[in-house]
Amino acid sequence: QVTLAESGGGSVEAGGTLKLSCTISGLPRGDRCVGWFRQTPGKQREGVAAVTDNDGRTTYSESVKGRFTISRDKVKNTLDLQMVSLRPEDTGMYYCAIYSYDMRMHGGTCEGVRSDWGRGTQVTVSS
C-alpha cells in the first residue's frame, strides 16, 4: 500500500517562504511522474509542479514558475516543494501525488493518471 505524508505547511505573510516535504512509502519499483497539486475552496484543483523520476525533468504552472522549486530524492523517497515570494493567492491545501509510469507532463502536472496522494498540508499566506 502506497502512503504519502505531507508536512511543512503553515501561515506566513506575503513574500514569505515555506518548504513542503512529502514522505512516500510502499511505492513499487519503477520510475514515475510525481508532483504537487493544490486545492483552494471555490477554485479548481491546480497542479503546481511535477518531476519525472527517470530524468528529473520538471514542469511548473505559470502561477508559480520562478517562485517554486520541486525536488525529488529517490533514495530517501521524498518529494519537496520549496516556495518563495509567497502570495495570498497561493493559499490552499497542498497535496503530493504519485502518477502513472507515463512521463509526459505539462503546465505543472503529470499527464498520466493520478494514483495516490496524501492528506495534504495547509498553506496560508496573508497580505
Student: Quick one: are R104 and T59 in side-chain contact, heavy atoms under 4.5 Å?
Tutor: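 No, too far: nothing below the 4.5 Å cut-off.
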
Student: For R87 and S63, work out which heavy atoms get closest and say how close.
Tutor: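 That closest heavy-atom pairing would be NH1-O, 3.9 Å.
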
Student: Which heavy atom of L86 sits nearest to which heavy atom of R67, and what is that distance?
Tutor: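 Nearest heavy atoms, L86 then R67: CA-NH1, 3.9 Å.
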
Student: As an exercise, state the distance from CD of E111 to NE2 of H106, rounded to the nearest 0.5 Å.
Tutor: 5.5 Å

Student: Please name the pair of heavy atoms, one in Y94 and one in D90, separated by the smallest distance, quoted to 0.1 Å.
Tutor: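 What the structure gives for the nearest pair is OH-O, 2.5 Å.
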
Student: Side chains of M105 and Y99: does their closest heavy-atom pair fall under 4.5 Å?
Tutor: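 They are not in contact (no side-chain heavy atoms under 4.5 Å apart), so the answer is no.
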
Student: Give the minimum heavy-atom separation between Q39 and R45, together with the two atoms involved.
Tutor: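 Closest approach of Q39 to R45, heavy atoms only: OE1-CB, 3.2 Å.
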
Student: Nearest 0.5 Å, please: how far is CD1 in I98 from OG1 in T3?
Tutor: 10.0 Å

Student: Where do S71 and Q82 land on the side chain to side chain contact (heavy atoms under 4.5 Å, CB included) test, with the steps shown first?
Tutor: CA-CA 8 Å; S71 59; Q82 178 71 53; over 6 Å; no

Student: Quick one, V51 and L79 - any side-chain contact, counting heavy atoms below 4.5 Å?
Tutor: yes

Student: Kindly give the heavy-atom pair with the smallest separation between S126 and P88, and that separation in Å.
Tutor: C-CG, 4.4 Å

Student: Are the side chain of T121 and the backbone N or O of S7 linked by a donor-acceptor pair below 3.5 Å?
Tutor: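 No, because the side chain of T121 does not come within donor-acceptor range (under 3.5 Å) of the backbone of S7.
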
Student: Once rounded to the nearest 0.5 Å, what's the spacing between atom CG of L20 and atom CD of E6?
Tutor: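 One gets 8.5 Å once the value is rounded to the nearest 0.5 Å.
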
Student: So, do L4 and Y95 sit near enough that their side-chain heavy atoms are less than 4.5 Å apart?
Tutor: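 Heavy-atom side-chain distance check fails, nothing below 4.5 Å.
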
Student: Would D80 and R72 count as a salt bridge (charged side-chain N to carboxylate O under 4.0 Å, His left out) if you check the C-alpha gap in whole Å, the side-chain angles of each, and the deciding distance to 0.1 Å?
Tutor: CA-CA 6 Å; D80 293 342; R72 173 85 162 113; over 6 Å; no

Student: Checking side chain to side chain contact (heavy atoms under 4.5 Å, CB included) for the pair V64/R38: CA distance, chi angles, key distance, verdict?
Tutor: CA-CA 12 Å; V64 308; R38 65 188 180 188; 3.9 Å; yes

Student: Are the side chain of T78 and the backbone N or O of T23 linked by a donor-acceptor pair below 3.5 Å?
Tutor: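 No; zero donor-acceptor contacts below 3.5 Å.
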
Student: Are W36 and I70 close enough that some pair of their side-chain heavy atoms sits under 4.5 Å apart?
Tutor: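 Contact flag for W36/I70 side chains = yes.
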
Student: So do the side chains of S11 and V123 get within less than 4.5 Å of each other, counting heavy atoms only?
Tutor: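 A side-chain contact is absent here, since even the closest heavy-atom pair is not under 4.5 Å.
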
Student: Supply the atom-to-atom distance K19 NZ to T69 OG1, rounded to the nearest 0.5 angstrom.
Tutor: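 The distance works out to 10.0 Å.
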
Student: Does the Lys NZ or Arg CZ of R114 fall within the cation-pi geometry relative to W117 - under 6.0 Å from the ring centre and within 45° of the axis?
Tutor: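 Judged by the rule, R114 and W117 form a cation-pi pair.
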
Student: How far does SG of C110 sit from CZ of F37, to the nearest 0.5 angstrom?
Tutor: 11.5 Å

Student: Yes or no on salt bridge (charged side-chain N to carboxylate O under 4.0 Å, His left out) for K74 and D53, after CA distance, side-chain angles and deciding distance?
Tutor: CA-CA 8 Å; K74 292 176 64 177; D53 275 346; 5.1 Å; no

Student: When rounded to the nearest 0.5 angstrom, what distance separates CG in L81 from CZ in F68?
Tutor: 6.0 Å

Student: Quick check: do M103 and N54 have side-chain heavy atoms less than 4.5 Å from each other?
Tutor: yes

Student: Check whether Y101 forms a cation-pi arrangement with R32 (NZ or CZ under 6.0 Å from the six-membered ring centre, at most 45° off the ring normal).
Tutor: yes

Student: For T52, does its backbone N or O pair with a side-chain atom of R57 as donor and acceptor, under 3.5 Å?
Tutor: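 Not a single qualifying donor-acceptor pair exists.
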
